[in-house]
Structures are given as C-alpha cells and as structure tokens.
Amino acid sequence: MTRTPSTHSDFVIVGGGSAGNVLANRLSADGSSVVLIEAGHAYRPNLYPPDLADADIVTGPDGHNWGYFSDTGQLGRRIPAPRGKTLGGSSAVNAAVAIRSRPADFAKWTAAGLRDWTWQDVLPSFRAIENTIDGSDELRGRHGPLPIRVRRPEELTPSQRAFIDGATELGYPRIDDFNGVEQNGVGPYPLNIIAGRRINTGIAFLDDAVRARPGLHIVPDTEIDRVLIDNHKAVGVLAADGTEHRATTTVLSAGTYGSPAILMRSGIGPADHLQQLDIPVIADLPVGDGLQEHPFYYNIYALTPDANSMHPASGAILWAPSSSAHPGDLDLHVSATHLYDPTASPTGGAIVLAVSVTQPESRGRLRLDPHNPLGAPVIELNLLATARDTQRMLEGVRISRRIGTTAAFAPLVDRELTPGPHITDTELEQAILEQLDVYAHPTSTVAMGPVVDNHGHVHGIDNLLVADASIMPMAPSAPPNITTMMLADRIATWLS
Ligand SMILES: Cc1cc2nc3c(=O)[nH]c(=O)nc-3n(C[C@H](O)[C@H](O)[C@H](O)COP(=O)(O)OP(=O)(O)OC[C@H]3O[C@@H](n4cnc5c(N)ncnc54)[C@H](O)[C@@H]3O)c2cc1C
C-alpha cells in the first residue's frame, strides 16, 4: 500500500458522530486547524436524505449503519448491534431521546476514582450543548446548538397517552420533564426532534457557519485503520486507503465499537490478543474489556383498529427503581414506542413497551476479528449474565405487563403479541432470553480509569485521546447520547 502524506493540523478527530462533531465545533472555534474524518457520507445540514432525517425511522437506511452483530454468546444467537455510519454517527440513526445521565450516575464515576466528573462539574456542559424552552434556568440551557423539546401530551398517540395514564394508575408519579430534578416516574420523552426531523450532531454542531470556518476540514467516506505512533507519541492517523493525516493531537471519537478497534490495530490493547494477531504491542491495556449494553425486551401489544395510530414513534417512558436497586438508583426503563412494523400486527397497529435494565452488572468485551482486523469486531455482549440482572429484567417485564392490563391501557389493546397471554413465570424468562435485543447503548470499552485517564488521554501514549461513549466507566442509567455530547464538550474545554 502506498502511503499518501497529508498536511499537518492541530487536531485530527476520527469519527463524526455524537462526540466527534461536538469536538470539531469546539476545537475549530478559536481558529485551530481541525481535520474531522468520518467513515460514512457527509450531508449538508439541510440535505440529509428524508429516510435518514425522519425521526420515526430508526437504525438508518442502507449504507448508513455499520451492520454489526454480536457474537453468538450465551444466548445462542447473534443480535444486531446497530451503529450509525454518516456525519452525525449514531445520533443520525437513533431514537433521539434526549435525557441526561443522573447525578447518581456521576457520583459512581467519582466513587470509581475519577476526578472532574461530579454533577456540579458536568452541569455547565449539559447546559452549553442544548437549547430548550423546558425546565428551569438554573438547570437548563437556552442558547446551545442542540434543540430539545418535551413531547406535548397532544402530540402523543392515544396508546402512548394511555401508557402514561396506566402507569399513573399503578401509582407511578407523573414526570413532566425527565431532565428536571425528579425522574422517578412516567411521562413524555424529551427529544431532539423538531417537526419530525431528528436533529443529529452533524446538523446541530456543524451548521453551515461552522463548516465555513477556514480551520475546519471534514473528510468523509474515509475509514481510519490505525493511529500513527512514534516513540510512544501519536502523530496522526493512517486511513485504510493509505492516506496519512498528521496532527499535533489525535482524538478518537469512533464510538464504543470503533475506538477500541482502532486502538487495538495500533498496538494498544491486551497484549495476548494483539500477539495472536501479530500486532506489535505498544501499550498493554485492557482495551475492549468492560463493554456494557442495556438489554432490551419488547412487550408488544396489537392495538384496536380505532386506536392504532403509530405516529410519532417515540412517546413516553417509565423510569423506576427495581426492588434490588441500589439506594438513589433508577435502574428500570419501560419505553413506549411504535418502532414496530405495523404489517406484523393483525390490526395494522401496535405499541411496544420495551423494558431495559439500565444499571446492568453484566459486562462483555470487544475484540478484533483475527481473520479480518479491519472488518466487523467481535462483540461479546454477555447480556443478563448475572442472576440479579435477569431478575430485574423479569421485574421490569412484569411491570410493563401490569400496565398492559390497567383500566386506562387495556381498552386500547386487541391482544398481547409478545410474550403473549397465559404465560408462566418460567416461560416468561425463556421468552425474554429468546427475544432479547439491545437498546443500542454500548459504552465502556475504553474506560476512564483502566485505559484512559479522567480527561481521555490514553495511558502511556502522548498526544492521543479518546472522547466518546467508550470512555464512560459504566453504563449510564439514561440513554447515552446527551451524556456523550456533554463528555465531548468537557474534553474540548480541557484541550482548548
Ligand atoms: C438505533 C439506535 C438508537 C438509539 N437511541 C438513542 C436514543 O434515543 N437516545 C440516546 O441517548 N441514545 C440513543 N442511542 C445511542 C446513542 O446514539 C449513542 O450512545 C451515541 O450516539 C454514541 O456517540 P459516539 O460519539 O460515542 O459514537 P457515534 O455517534 O456512533 O460516532 C462514531 C462515529 O465514528 C465513525 N467511525 C467509526 N469507526 C471509524 C473509523 N475506523 N474511521 C472513521 N470513522 C469511523 C462512525 O461512522 C460514526 O460516525 C441509540 C443508538 C442507536 C444505534
């Protein structure tokens, strides 16, 4: 392969996703030269294809998703592990739920020994990235690039409203804004959706004015193979096509699957694994270990013909503690969406009450494919690997099924599709294991602490940082998109 040298920049950022685009915006603001490299296509902010911009279509059209699957694992089958591949990354294909991680989550980061991540530390960045009309001035941001709006009751479908009423009937408090002080209860989602359009980070943080900055250079359709390292100092990256992009500081924002894969191909990872692949070991670090993902189970109901409206897809959520939650934790989600093929319902309409354990104990890992290190990584999710995780999932599904029988919700139901009526506890556990999916919230493969320091610097390698969801030390109890953007904003502040 012939290498093509490039000009030298202050920063090279690999991955134009949730984190990478925040960093590209922030780091180019003062005139620094920034090269942002993205494996997928780049679209002008207003020219994302309709089937990519439509917030009701999740996981993206063909060619905009890496198409990964998990390893077979203990569940005995491969589970799709979607990741966005375009400018915007996973924020361009996700459900656009915009909920921050909770103060209790950050207390755990601090307890794990990470300085500079207390709630008071992170709040300014949460406020800086958003603009919202919701909530209080003390907590919320009014002028940031990302618009966030709580779904209004009149925007919800009848069955999403009935879900909220049904949970309230069971005694769960009503929450008006999950980014407020109180989150234990049920209510409509806050979303980064405006007029049905998902506002991904390629739109919000890389608008036309930002893209016109002379120092910012976006390089789309370019996959990075590895980091160029000279005497334990990163000097840039090498693309799979042989192009070099040299920079003073190299930042990997390729996501929870992409960043560890690049590190390992660069010789930074578990020595035994790298040796198996004949990759010279530069730093023996537990890259890829610690993978966490939120397990997801779909309790699905066919709706009666007069209540089978399925738009908008994302509507409401119940966030609650399981009976074995640690004090202060909210570790169960029941999310009410219409992300389901209506033709699979006998009535032409359905609602999915999707249950997740959002503070899982189980951890998996990621490794390179020894036969094709540049191809799809080996993703060992290891979901529900502990008895407590399984028990909490069962408890969550029992809650969602109780909502299914409430006076508010039941009249809208034609029949329960999964797991189906008249099922024993043993059959329910079996059904969960057979149909388990992912919330698509992987984190922690390049965790702060073991692999990078509390500011994202890779241990033992100068001028190399990782800034994306992979560095979270543990799964957040909220969907991770907003927290990933906060994290990038914070790291940008330290680099500026
Ligand atoms: C289907 C789906 C639904 C989700 N729903 C929600 C939700 O509603 N709310 C929420 O909070 N979270 C949600 N998430 C999760 C959330 O979107 C992610 O946690 C977040 O986007 C992760 O940001 P990131 O910057 O770490 O990675 P990404 O946003 O995935 O960005 C990584 C970028 O790096 C690029 N890349 C990877 N490898 C390379 C390489 N070798 N060379 C060059 N570029 C590379 C990728 O193409 C991608 O653009 C969802 C995710 C998915 C997939």
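Each ligand, and each atom within it, is numbered from 1 in the order the structure gives. Bear in mind the structure is a predicted one, so any value in this text is a computation, not a measurement.
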**Item:** Which of the ligand 1 atoms, numbered from 1, are nearer than 4.0 Å to a heavy atom of Val93
**Value:** 1 (C)
**Asked** Is the CG atom of Asn372 crowded by more than 12 outside heavy atoms at less than 6.0 Å?
**Response** yes
**Message:** Please report the interatomic distance CG(Leu436) to OH(Tyr297), rounded to the nearest 0.5 Å.
**Reply:** 9.5 Å
**Item:** Listed partners of Asp329 passing side chain to side chain contact (heavy atoms under 4.5 Å, CB included), at least two apart
**Value:** Ala104, Lys108, Ala325, His326, Gln359
**Item:** Sub-4.0 Å atoms of ligand 1 with respect to non-hydrogen atoms of Pro82
**Value:** 53 (C)
**CA sep, side-chain torsions, deciding dist, call: Asp389, Arg392, salt bridge (Lys or Arg N to Asp or Glu O under 4.0 Å)** = CA-CA 5 Å; Asp389 283 359; Arg392 288 186 290 168; 2.6 Å; yes
**Message:** Check contact between Thr222 and ligand 1, using heavy atoms of the residue and a distance below 4.0 angstrom.
**Reply:** yes
**Item:** Ala96 contact mode with ligand 1 (heavy-atom cut-off under 4.0 Å)
**Value:** backbone
**Message:** Students should be able to answer this: which protein heavy-atom is nearest to atom 28 (P) of ligand 1, and at what distance?
**Reply:** Ser90 N, 3.6 Å
**Request:** Starting from atom 11 (O) of ligand 1, locate the nearest protein heavy atom and write down its residue, its atom name and how far away it is, to 0.1 Å.
**Result:** Asn481 N, 2.7 Å
**Asked** Against heavy atoms of Gly255, which atoms of ligand 1 measure under 4.0 Å?
**Response** 26 (O), 27 (O), 32 (C)
**Asked** Is any NZ, NE, NH1 or NH2 atom of the basic residue among Glu155 and Arg149 found under 4.0 Å from an Asp or Glu carboxylate oxygen of the other?
**Response** no
**Item:** Beyond-backbone contact of Leu291 with Tyr257, side-chain heavy atoms, under 4.5 angstrom
**Value:** yes
**Item:** ligand 1 N/O within reach of Ile262 N/O, cut-off under 3.5 Å
**Value:** no
**Complete:** atom 19 (O) of ligand 1: of Gly88, Ala240, Gly17, Pro480, the nearest heavy atom sits on Pro480
**Prompt:** Any N or O of Gly40 that comes nearer than 3.5 Å to an N or O of ligand 1?
**Reply:** no
**Asked** If you measure every N/O of Asn94 against every N/O of ligand 1, is any gap under 3.5 Å?
**Response** yes
**Request:** Return the option from Asp221, Val14, Val97 holding the heavy atom at the smallest distance from atom 9 (N) of ligand 1.
**Result:** Val97
**Request:** Identify whether the distance between the nearest side-chain nitrogen and carboxylate oxygen of Asp177 and Arg140 falls below 4.0 Å.
**Result:** yes
**Request:** Provide, to 0.1 Å, the distance between atom 42 (N) of ligand 1 and the closest protein heavy atom, together with that atom's residue and name.
**Result:** Ile224 N, 2.9 Å
**Request:** Classify the angle between the aromatic ring planes of Trp117 and Trp494 as parallel (below 30°), tilted (30 to 60°) or perpendicular (above 60°).
**Result:** perpendicular
**Item:** Element-labelled atoms of ligand 1 that are located less than 4.0 Å from some non-hydrogen atom of Thr484
**Value:** 23 (O), 24 (P), 25 (O), 26 (O)
**Prompt:** Side chain of Arg490, backbone of Asp116: donor and acceptor closer than 3.5 Å?
**Reply:** yes
**Message:** Would Ile482 count as a polar contact of ligand 1, with the cut-off being nitrogen or oxygen pairs under 3.5 Å?
**Reply:** no
**Request:** For Tyr257 and ligand 1, answer yes if some heavy atom of the residue is under 4.0 Å from a ligand atom, otherwise no.
**Result:** no
**Fill in**
The atoms of ligand 1 lying under 4.0 Å from a heavy atom of Val58, numbered in the order shown, are 1 (C)
**Item:** Short N or O distance, Thr256 and ligand 1, threshold 3.5 Å exclusive
**Value:** no
**Request:** Would you mind running through ligand 1 and noting each atom that sits below 4.0 Å from a heavy atom of Thr86?
**Result:** 49 (O)
**Complete:** atom 21 (O) of ligand 1 has as its nearest protein heavy atom Ser18 OG, 2.7 Å
**Prompt:** Under 4.0 Å from any heavy atom of Thr59, which atoms of ligand 1 are there?
**Reply:** 1 (C)
**Request:** Decide whether an N or O pair under 3.5 Å exists between Asp468 and ligand 1.
**Result:** no
**Item:** Note: Arg127-Asp489 ion pair, threshold 4.0 Å (strictly below)
**Value:** no
**Fill in**
atom 44 (N) of ligand 1 sits nearest the protein heavy atom Ala39 N, 3.2 Å
**Asked** Going by distance only, is there an N or O of Glu38 that falls short of 3.5 Å from an N or O of ligand 1?
**Response** yes
**Asked** Just heavy atoms, cut-off under 4.0 Å: does Ser253 contact ligand 1 by side chain, backbone, both, or neither?
**Response** backbone
**Asked** Going by heavy atoms in the side chains, are Leu123 and Leu139 under 4.5 Å from each other?
**Response** yes
**Option whose closest heavy atom lies nearest to atom 38 (N) of ligand 1, chosen from Ala254, Ala440, Ala261** = Ala254
**Prompt:** With a 6.0 Å cut-off on ring centres, are Tyr43 and His64 close enough?
**Reply:** yes
**Request:** Heavy-atom contacts with Gly84 under 4.0 Å: which atoms of ligand 1 show up? List them by number with element.
**Result:** 46 (C), 47 (O), 48 (C), 49 (O)
**Asked** What's the spacing between Ile351 CD1 and Ile403 CD1 if we round to 0.5 Å?
**Response** 10.0 Å
**Shortest reach to atom 26 (O) of ligand 1 by a heavy atom, considering only Ala19, Ser470, Ala469** = Ala469
Throw together a table of side-chain donor-acceptor distances under 3.5 angstrom for residues 464-482, partners on residues two or more places apart or in other chains.
| unit_1 | atom_1 | unit_2 | atom_2 | d |
| --- | --- | --- | --- | --- |
| Asp468 | OD1 | Ser470 | N | 2.9 |
| Asp468 | OD1 | Ser470 | OG | 2.5 |
| Asp468 | OD2 | Ala254 | N | 3.2 |
| Asp468 | OD2 | Gly255 | N | 2.8 |
| Asp468 | OD2 | Ser259 | OG | 2.6 |
| Ser477 | OG | Asp105 | OD1 | 3.1 |
| Ser477 | OG | Asp105 | OD2 | 2.8 |
| Asn481 | OD1 | Ser18 | OG | 2.6 |

**Prompt:** Taking the six-membered ring for Trp, are His294 and His333 parallel (under 30°), tilted (30 to 60°) or perpendicular (over 60°)?
**Reply:** tilted
**Request:** Name the closest protein heavy atom to atom 36 (N) of ligand 1, giving the residue it belongs to and the distance to 0.1 Å.
**Result:** Trp66 CZ2, 3.7 Å
**Message:** Tell me whether the rings of Phe106 and Trp119 are parallel (<30°), tilted (30 to 60°) or perpendicular (>60°).
**Reply:** tilted
**Item:** Sidechain N-carboxylate O distance under 4.0 Å for Asp176, Arg152
**Value:** no
